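Here is the structure we will look at.
What you see is a predicted model; the values in this text were computed from it and never measured.
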Amino acid sequence: MAEVTKELIEEAIKGYIEPHLDKDLVSAKSIKGIEIDGGAVKVAVELGFPAKGFRDELADALKARITAVAGVTAVAVDVDWKITAHSVQKSLKPIDNVKNIIAVASGKGGVGKSTTAVNLALALVAEGAKVGLLDADIYGPSQPRMLGVSGQPESKDGKSLEPMENYGIQAMSIGFLIDEETPMIWRGPMVTQALEQLLNDTNWDSLDYLIIDLPPGTGDTQLTLAQKVPVSGAVIVTTPQDIALLDARKGFKMFEKVEVPVLGIVENMSTHICSNCGHEEHIFGEGGGRLMAEQYGVNFLGALPLDIRIREETDGGKPTVVADPDARISQIYREIARKTTAILALQSKSYAAKFPNIVIQNN
């Protein structure tokens with residue numbers, strides 16, 4: 001019988017390209033242990049991103065490759081993950097109990113950014129992460145309704161707020177503090193101060209990721225985020241139509257100038273599928289988000305259809321990922337969540353080389 005060595009097992013593992021990291025697990029330093037006892041092989045995999053929905057598929061793929069090595073008689077693959085804090089802007093320190101902040105942004109309104117943000121947050125929970133959601137749209141907070149949460153947050157010490165919770169999400173929004181129909185007639189400085197207070201005066205509980213749902217555009221709130229909030233990365237949401245892509249490019253350039261890495265682009269309302277006949281049509285154009293990602297050298301995270309269920313479920317306070325977790329749309333959101341956090345897990349070294357003023361903070 002051929003001798004089984006660690007080098008042979010590593011070579012077999014290198015033949016598998018992990019789809020979220022887009023590289024093999026040996027190069028990604030995700031193989032934490034290889035034990036060999038005769039023909040029995042045990043491999044420990046530790047990812048840098050949550051992957052509950054992909055764990056079995058990954059283990060099976062590695063088992064198949066390792067089993068093909070001459071002399072191997074039995075294979076056990078253990079897949080786990082460890083989420084650490086990643087790079088933030090120079091001079092900023094991480095928020096207490098928050099490892100990573102991911103901003104979800106768009107250049108213009110009406111592209112489904114808030115819907116994407118809440119479903120991304122819920123998808124990360126489903127994948128095994130501890131997640132918070134900050135609604136930074138002071139003028140038009142929508143997350144309380146989307147999460148089906150009402151009432152006001154408690155303050156145990158009279159100084160800080162306890163986050164509201166539903167579906168495993170810790171959430172904070174100005175919408176919890178005012179009546180739903182009360183307009184916020186505030187100038188820019190008041191808005192940015194409110195954002196800082198909502199972020200810093202909330203007792204977040206050991207979050208792996210805090211998703212910030214930004215208002216559309218590139219104004220005061222976005223600048224405050226870039227200058228005063230330790231952001232690990234940003235996700236740009238757009239639709240395929242030219243006018244949305246034009247504004248999305250402005251959002252991308254803004255993050256680039258303030259040295260916040262863009263983790264990727266999500267194309268929302270990519271296609272419309274007729275609920276009666278099943279015909280699929282690109283009513284807002286085709287492939288714009290993917291083309292933009294290629295032009296700017298960033299990742300295309302995924303495309304979501306224009307589907308009435310997404311609107312109905314978020315309006316009803318039970319977003320798609322929790323309303324129908326096995327649906328194709330929910331699986332797309334979960335794939336986007338895995339890709340986003342996998343890219344975040346890899347981006348620190350490459351981004352630090354590009355922007356040496358970025359510092360890495362580890363919890």
Side-chain angles (χ1 to χ4, degrees), residues 1-84 86 100 102 120 123-124 126-129 208-209 232-233 235 261 263-266 290 293-294 297-303 325-326 328 330-351 353:
M1 181 181 291
E3 181 185 1
V4 180
T5 65
K6 181 180 179 181
E7 289 71 24
L8 287 172
I9 301 303
E10 284 185 344
E11 199 61 34
I13 294 171
K14 283 181 180 179
Y16 173 75
I17 302 300
E18 204 286 327
H20 307 97
L21 299 168
D22 199 27
K23 63 193 305 184
D24 72 87
L25 294 170
V26 175
S27 300
K29 302 188 185 305
S30 295
I31 302 301
K32 296 303 178 182
I34 297 175
E35 297 178 13
I36 300 171
D37 184 6
V41 178
K42 184 176 181 180
V43 176
V45 179
E46 185 180 88
L47 301 172
F49 60 97
K52 189 175 181 180
F54 184 67
R55 170 190 269 160
D56 291 344
E57 182 179 337
L58 175 57
D60 290 344
L62 294 181
K63 284 179 185 177
R65 291 190 171 272
I66 296 168
T67 300
V69 175
V72 171
T73 56
V75 180
V77 177
D78 178 62
V79 178
D80 204 349
W81 49 86
K82 181 181 180 181
I83 301 167
T84 60
H86 297 291
N100 299 288
I102 299 175
L120 173 62
L124 286 170
E127 290 298 322
D208 294 316
Y209 304 101
S232 300
V235 171
L263 303 174
I265 294 169
V266 173
R290 189 181 294 276
E294 291 173 355
V298 295
N299 297 278
F300 183 69
L301 298 173
D326 295 324
R328 172 175 169 264
S330 296
Q331 297 307 310
I332 294 173
Y333 278 122
R334 290 182 69 165
E335 180 68 12
I336 290 172
R338 290 192 294 264
K339 281 186 178 180
T340 300
T341 50
I343 292 162
L344 176 60
L346 284 177
Q347 63 89 23
S348 293
K349 290 182 180 179
S350 60
Y351 207 78

Side chains of residues 33-47: which donor-acceptor partners sit under 3.5 Å, not counting sequence neighbours?
none

Please indicate whether K63 has more than 12 foreign heavy atoms, meaning atoms of other residues, nucleotides or ligands, lying under 6.0 Å from its NZ. yes

Is there a side-chain contact between L344 and P261, using heavy atoms and a 4.5 Å cut-off? no

Heavy-atom closest pair (Y209 atom, G48 atom, distance to 0.1 Å) is OH-O, 4.1 Å

Is the shortest heavy-atom distance from the side chain of I13 to the side chain of I66 under 4.5 Å? yes

So, taking the atom named CH2 in W81 and the one named CZ in R55, what distance separates them when rounded to the nearest 0.5 Å? 4.0 Å

Working to the nearest 0.5 angstrom, can you tell me the gap between R290 CZ and N299 CG? 11.0 Å

For a quick test of reading the model, state the closest non-hydrogen atom pair linking V77 to V75 and the distance between them. CG2-CG1, 3.9 Å

Under 3.5 Å, is there a donor-acceptor pair between the side chain of E294 and the main chain of F300? no

Determine whether D22 and L346 make a side-chain contact, defined as any pair of heavy atoms from C-beta on separated by less than 4.5 Å. no

For a quick test of reading the model, state the closest non-hydrogen atom pair linking E18 to L58 and the distance between them. CG-CD1, 4.5 Å

Do R65 side-chain atoms and G15 backbone N/O form a donor-acceptor pair below 3.5 Å? yes

Closest non-hydrogen atom pair between Y16 and A61, with its separation: CE1-CB, 3.6 Å

Below 3.5 Å, can you tabulate the donor-acceptor pairs from side chains in residues 332-340 to any protein atom, sequence neighbours excluded?
| from | atom 1 | to | atom 2 | distance (Å) |
| --- | --- | --- | --- | --- |
| R334 | NE | E127 | OE2 | 2.6 |
| R334 | NH2 | A126 | O | 3.2 |
| R334 | NH2 | E127 | OE2 | 3.0 |
| E335 | OE1 | H20 | NE2 | 3.2 |
| E335 | OE1 | R338 | NH2 | 2.6 |
| E335 | OE2 | H20 | NE2 | 3.2 |
| R338 | NE | H20 | NE2 | 3.1 |
| R338 | NH1 | E127 | OE1 | 3.4 |
| R338 | NH1 | E127 | OE2 | 2.7 |
| T340 | OG1 | I336 | O | 2.8 |

Does a side-chain heavy-atom distance below 4.5 Å link T5 with E3? yes

Kindly indicate whether the side chain of I17, heavy atoms from C-beta on, has any atom under 4.5 Å from the side chain of L25. no

Any chance you could measure F49, atom CZ, to D208, atom CG, to the nearest 0.5 Å? 13.5 Å

Atom NZ of residue position K32 - does it have more than 12 heavy atoms of other residues, nucleotides or ligands inside 6.0 Å? yes

Just wondering, do L263 and T341 contact through their side chains at under 4.5 Å, heavy atoms? no

Locate the shortest heavy-atom distance separating V69 from A12; write the atom from each residue and the value. CG2-CB, 3.7 Å

